[in-house]
Amino acid sequence: MRMTLGILQRLAGFVLVFLGVTFIIYVAVFSLPGDPIRALAGDRQLPQSVVDAINAKYLLDQPLWVQYTNYLGNLLHGDLGLDLTGRTVADKLAARWPVTITLALTAWTLQVILGLAVGIVSALKKGTVIDKGLLVITIGLSCIPVFVLGITAQIIFGVRLDWLPVAGVSEGWPLSYLLPSLVIAAIGLAAVSRLVRGSMIENLEADYVRTARAKGIGEGRVVGLHVMRNSLIPTATFLATDLGFLLGGTVVIEGIFNLPGVGNLLFTAIRDHEAAMVVGVSTALIIIFLITSLLVDAIHALLDPRIRRA
C-alpha cells in the first residue's frame with residue numbers, strides 16, 4: 001500500500017515538473033527576439049497577407065497562454081507540433097532518433113565498463129600509487145571542456161593516426177560512433193569510477209564483510225557476491241539517470257562530429273529560431289528523462305529491499 005502511494009506521489013510530481021518545465025521553455029523560446037517567418041523567406045519580402053496567414057495557422061497572433069494551452073491539448077493526442085515548413089516535429093525526430101540512440105547506448109556501455117573497472121581497481125588498491133594515478137587521470141579528463149576533448153580526439157585518432165573516422169555516420173556502427181562515444185565516456189568516467197570506489201570502500205569496511213571473512217569465505221566471493229551487489233545500488237541509480245541524459249542527445253558532441261542526431265536537430269532549430277521545433281524536441285526529451293527517472297526508482301527498489309518495505 002505504501003509503495004503504491006509512493007508511486008502515485010511520484011507520478012503526480014512528474015506531471016507538475018512536466019507542466020512547469022514545458023511552460024518555462026515555451027515562454028522562453030517564444031519570447032526570443034527575431035522573426036522566424038521573415039528568416040524563412042530569406043532575402044524575399046513576403047506579402048503581409050501571407051505573414052498573417054502563417055501567424056493565424058500557428059496561433060502566433062494569439063496570447064501566449066492560448067498558444068501553450070493549445071499545445072498541451074495537441075500533445076495529449078501525441079502531436080508535438082509543426083515546423084514552419086509544415087513538417088511534423090515527430091517525423092523529424094523519428095529520422096534522428098536512431099543516430100542519437102546508437103550514440104547514447106554505445107557511450108553508456110563504454111562508460112559502464114570503464115567506470116566499473118577503474119572504480120573497482122581504485123577501491124581494491126586504496127591509497128596506492130595506482131589509486132592516486134587513476135584519480136588524477138579521471139578528474140583531469142572531466143575538467144577538460146567537451147569541445148576541446150572532442151577536437152583533440154579527432155586530431156589524434158582521426159587525422160594523425162587515421163584509426164577512426166572524424167565525422168558523419170557513413171562508416172556505420174561501431175566505427176563512426178566509437179570516437180564520439182569514447183569522448184562522452186571519458187567525461188563521465190570520473191563520476192562513475194569515484195562513485196564505485198567510494199561505495200566499495202564503504203562496504204569493504206562494513207560489519208557483514210568482516211563477518212564473512214571470519215567465516216573463512218574467500219576474498220573473491222566476498223567482493224564479487226556481497227560487496228559488489230551492495231555497491232552497485234547507488235551506481236545503478238546514477239547510470240540509469242545518466243542514460244536518460246545521453247538519450248536526450250549531446251548537442252556539442254553531435255555538432256563536433258557532425259552526427260545527424262536529436263542534439264544536432266535541437267541546435268539547428270535554436271539557430272534558425274524554429275520555436276515550434278525547439279519546444280517539440282525539448283518536450284520529447286523531458287518525457288524521456290521523466291520516464292527514465294521513474295524506471296530508476298523501480299530499479300532502486302528492486303536492488304534495495306529496504307525501499308520496498310518502506
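Heads up: numbering here begins at 1 and tracks the sequence. Only heavy atoms go into these numbers, but all of them, side chains included; no hydrogens, no water, no symmetry mates.
- Exactly one of T283, L290, L285 qualifies for a side chain to side chain contact (heavy atoms under 4.5 Å, CB included) with I287. That residue is T283.
- Qualifying side chain to side chain donor-acceptor pair (under 3.5 Å) partners for T102, counting only residues two or more places apart in sequence or in other chains: none.
- The ring-ring contact (aromatic ring centres under 6.0 Å, His included) test applied to F267 returns no partner, not counting sequence neighbours.
- Side-chain N/O atoms of T128 and D131 include no donor and acceptor closer than 3.5 Å.
- When every heavy atom of M200 is checked against every heavy atom of A123, the shortest pair comes out as CB-CB, 3.7 Å.
- Applying the side-chain contact (heavy atoms from CB on, under 4.5 Å) rule to S193 yields the partners V118, T138; only residues at least two apart in sequence or on another chain are considered.
- To the nearest 0.5 Å, the span separating CG on L103 from CD on E254 amounts to 6.0 Å.
- Scanning for ring-ring contact (aromatic ring centres under 6.0 Å, His included) contacts around F147 gives an empty result, with sequence neighbours left out.
- Side chains of I113 and W108 form no contact here, defined as non-hydrogen atoms less than 4.5 Å apart.
- Residue I187 holds its CD1 atom at 9.0 Å from OG of S142, rounded to the nearest 0.5 Å.
- Both I286 and F23 are assigned to one and the same hydrophobic cluster, defined by single-linkage of ILVMFWY side chains at heavy-atom distances under 4.5 Å.
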Checklist entry - Between Y71 and T22, does a side chain to side chain donor-acceptor pair (under 3.5 Å) hold up when you go through it step by step? => result CA-CA 10 Å; Y71 177 74; T22 52; over 6 Å; no
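- Of all non-hydrogen atoms in P98 and A94, the two that sit nearest each other are CD-O, 3.3 Å.
- Under the side chain to side chain donor-acceptor pair (under 3.5 Å) criterion, the residue pairs touching residues 162-176 are T106-W173, with sequence neighbours excluded.
- Taking OH from Y177 and CG from L110, the interatomic distance works out to 14.0 Å, rounded to the nearest 0.5 Å.
- Atom CD1 of residue I288 and atom CG of residue L246 lie 11.5 Å apart, to the nearest 0.5 angstrom.
- Applying the salt bridge (Lys or Arg N to Asp or Glu O under 4.0 Å) rule to K126 yields the partners E205; only residues at least two apart in sequence or on another chain are considered.
- Considering all non-hydrogen atoms of both residues, L141 and A186 come closest at CB-O, 3.8 Å.
- Among residues two or more places apart in sequence or in another chain, the side-chain contact (heavy atoms from CB on, under 4.5 Å) test is passed with V15 by L19.
- The environment of CZ in F14 is crowded: more than 12 heavy-atom neighbours from other residues, nucleotides or ligands sit within 6.0 Å.
- A donor-acceptor pair under 3.5 Å is formed between the side chain of R96 and the backbone N or O of G261.
- Residues passing the side chain to side chain donor-acceptor pair (under 3.5 Å) test with S199: none are found, sequence neighbours excluded.
- Side-chain contact between P180 and L259 is present, with at least one heavy-atom pair separated by less than 4.5 Å.
- Members clustered with I139: L135, by chain and number, using a 4.5 Å side-chain heavy-atom cutoff among hydrophobic residues.
- Atom CG of L189 sits about 10.0 Å away from atom CZ of R194, to the nearest 0.5 Å.
- Applying the side chain to side chain donor-acceptor pair (under 3.5 Å) definition to pairs two or more places apart or across chains, those involving residues 109-120 are Q111-D242.
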Which pairs of donor and acceptor atoms, one on a side chain in residues 149-161, lie under 3.5 Å apart (sequence neighbours left out)?
residue, atom, partner, partner atom, Å
T152, OG1, V148, O, 2.6
Q154, NE2, V166, O, 2.7
Q154, NE2, I256, O, 3.2

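- With sequence neighbours left out, L93 forms a side-chain contact (heavy atoms from CB on, under 4.5 Å) with L80, V89, W97, V262, L265, V281, A284.
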Next on the checklist: What verdict does the side chain to side chain contact (heavy atoms under 4.5 Å, CB included) test give for V183 and F257, after you've listed the backbone C-alpha separation in whole Å, the side-chain angles of each residue and the deciding distance to 0.1 Å?
Outcome noted: CA-CA 11 Å; V183 173; F257 290 90; 4.2 Å; yes
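- A donor-acceptor pair is defined here as one N or O able to donate and one able to accept, closer than 3.5 Å; no such pair exists between the side chain of N258 and the backbone of A167.
- Note on L182: it clusters hydrophobically with V252, by side-chain heavy-atom contacts below 4.5 Å among ILVMFWY residues.
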